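These figures come from a predicted structure and were not determined experimentally. A, B, ... follow the sequence lines: proteins, then strands. Residue 1 opens every chain.
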2 protein chains.
Amino acid sequence: MKTAPRKTADLSAQIAHAIRDAIVSGELIVDARLPSEAELSEQFQVSRPTVREALKRLAAQSLIRTQRGATGGAFVNRLSFEDAYSQQITTSTLLLSMNAVSFDTACEARYALERACAPLSAQRRTADQLATMRAEIFRQAQPGLTDEAFCASDVTFHRALVDGADNPVLSYQLAGAVEAMQPLMNMITFTARSREEIIAMHTRIADALEARDADIVDTALVDLEHYTQQLAHDVAERKRKPA
Amino acid sequence: MKTAPRKTADLSAQIAHAIRDAIVSGELIVDARLPSEAELSEQFQVSRPTVREALKRLAAQSLIRTQRGATGGAFVNRLSFEDAYSQQITTSTLLLSMNAVSFDTACEARYALERACAPLSAQRRTADQLATMRAEIFRQAQPGLTDEAFCASDVTFHRALVDGADNPVLSYQLAGAVEAMQPLMNMITFTARSREEIIAMHTRIADALEARDADIVDTALVDLEHYTQQLAHDVAERKRKPA
DNA sequence: GACTTTTAAATGTCAGACAAATAAAAATTT
DNA sequence: AAATTTTTATTTGTCTGACATTTAAAAGTC
């Protein structure tokens, strides 16, 4: 943990960076206890509030956790896949909402990623995951289902597909992308889409996964992508000429 | 921006959450100025240091930026793709180093993702991107190249492939994954690998992209994955029986 | 009108204090 | 001696008040 300063940034940012480097480099390992705030302020020659601002920055990234009391302090946090998920979902969601990403672009990315894990999922999906997908398809067919619940079920369905690849790294990367983009898509295609058609494609996917046929899963995902794109275009068209 | 408290977390965490919600929900739009720290401490009925800790949390996630001076303050930040990249790289790197992810798993995920954008890249790669890849291949063939420089060149090469898909969302998702995993892979396969073989496969990929032949790109990536996996197993084997 | 100076507002930083939680040590009781 | 209770020390959480620094606008000057 060096005291090397960096450009003319906030002291708290510099200190946060120094500690982050120490964590990334392995100088501070998981569950290691950082020096107390008083000691850190001594080491870095800054006041305690400044040290605290630095620690809050790290806490916001789930890099450390803090505990009060006699044996308390700040500890290097083991970054869990779940923490990483939720961070990625927040980041992706904001990225999409703030940067005027076209629907086509987002949709293309989402299905490209999902198709990447389809072959693995066809090989490895468990009976449980298949059952989850079937259950969600059943739920989607219920007449009284609200649009929100249909969307949530859609996310769960695709999440099960992704998890079927049995690769936590892939799940982490994809679930974030899918969950961030699904609401965006649902928002746009809410009004126009036909639940029957979507359910039919979901069923094709589930059937193909059951048969462990990667090609059919891929084809069905391509069809689903095209259908979604078509919907978006129809909606845009309708807005232009509302009559 | 509500004052609704949440469980028994830090006040600064609660406040950060409240402001984050306001940003995500669109209540605070990009470039909107937050109330001053004094006003926020009035609104939330806490002291200024507590407000500041909350703001630092948000700053750590690139959700806000601050400016000093008369017309200064905290402003909602437009989350750029670059910001999102660097955050994802940090997160992914730590996730891998802290969770004992097997080499096979990381490798599989990395190539699955890269293969997802290969077809798009074959369609859309620009002459520039192709030139970048050729240049990196040339660099990789230089005899005096250090291992570190070879790795960096490798990352640049694959980054160009990913960018060839011309989809910023895909680039964001994949570049993060590739950059986070590449060092891990290089670390393991440093000693054993043959630069000639890797260069040969890179050349195949570049040739196929030039010819816009997605299938050959895919095959070459599969081969590269298998080669990398084989290397890792050889290295592990050698460690077990060092004689 | 152009330039300089002043001023006000905002963040950045500091110092010192107290509250609250927590575990270990000490004291007390059984 | 063992169990329980009390005390104590340590550490984070929070507050108050102050000063430094930066910055743009307002005021003043030529």
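- The distance between atom CD1 of B:I64 and atom P of C:dG12, rounded to the nearest whole Å, is 9 Å.
- The shortest distance between the side-chain N/O atoms of A:T71 and the OP1/OP2 oxygens of D:dT11 is not below 4.0 Å.
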Taking it one step at a time, do A:S80 and A:Y85 satisfy side chain to side chain contact (heavy atoms under 4.5 Å, CB included)?
-> CA-CA 9 Å; A:S80 68; A:Y85 275 153; over 6 Å; no
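- Side-chain atoms of A:R52 lie closest to D:dG13 of the nucleotides D:dC15, C:dT13, D:dG13.
- With hydrogens and angles ignored, no donor-acceptor pair under 3.5 angstrom links the side chain of B:R48 to the base of D:dT14.
- Residues B:E37 and A:T50 both approach DNA chain C. Their nearest nucleotides, taken by heavy-atom distance, put B:E37 toward the 5′ side.
- Heavy-atom distances to DNA chain C give each of A:G69 and A:S12 a nearest nucleotide, and the one nearer the 5′ end belongs to A:S12.
- A salt bridge links A:R65 with A:D31: at least one charged nitrogen is closer than 4.0 Å to a carboxylate oxygen.
- Distance B:R65 CZ to C:dG12 P: 13 Å, rounded to the nearest Å.
- At whole-Å resolution of the value, CG in B:L55 and P in C:dT11 are 8 Å apart.
- An OP1 or OP2 oxygen of D:dC15 is reached within less than 4.0 angstrom by a side-chain nitrogen or oxygen of B:S47.
- A:Q67 has its CD atom 12 Å from the P atom of C:dA24, to the nearest Å.
- Considering only the side chain of A:D10, C:dG12 comes nearest among D:dT14, C:dG12, C:dA10.
- With rounding to the nearest 0.5 Å, the separation of OG1 in A:T90 from CD in B:Q87 is 10.0 Å.
- Dashed line: the shortest gap from a side-chain N or O of B:T66 to OP1 or OP2 of C:dA10 is not under 4.0 Å.
- Between the CZ atom of B:R33 and the C1' atom of D:dA24 there is a distance of 13 Å, rounded to whole Å.
- Residue A:F81 places its CZ atom among more than 12 non-hydrogen atoms of other residues, nucleotides or ligands, all under 6.0 Å distant.
- Checking D:dC15, C:dA10, C:dT13 against every side-chain atom of A:E53, the shortest atom distance belongs to C:dT13.
- Side chain of B:R68, nearest nucleotide from D:dC15, D:dT22, D:dT11: D:dT22.
- Comparing D:dT14, D:dT22, D:dC15 by their nearest atom to the side chain of B:P49 picks out D:dC15.
- Mapped onto DNA chain D by nearest heavy atom, A:K56 and A:A70 fall at different nucleotides, with A:A70 at the one closer to the 5' end.
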For A:I64 and A:I23, run side chain to side chain contact (heavy atoms under 4.5 Å, CB included): C-alpha distance rounded to whole Å, both residues' side-chain angles, the deciding distance at 0.1 Å, then the answer.
-> CA-CA 10 Å; A:I64 61 168; A:I23 294 174; 4.3 Å; yes
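- Of the candidate nucleotides C:dC14, C:dT11, D:dT14, D:dT14 has the atom lying nearest to any side-chain atom of B:L11.
- Counting to the nearest Å, the C1' atom of D:dT16 and the CD atom of B:E42 are 15 Å from each other.
- If you measure from atom CZ of A:F75 to atom C1' of C:dT22, you get 12 Å, rounded to the nearest angstrom.
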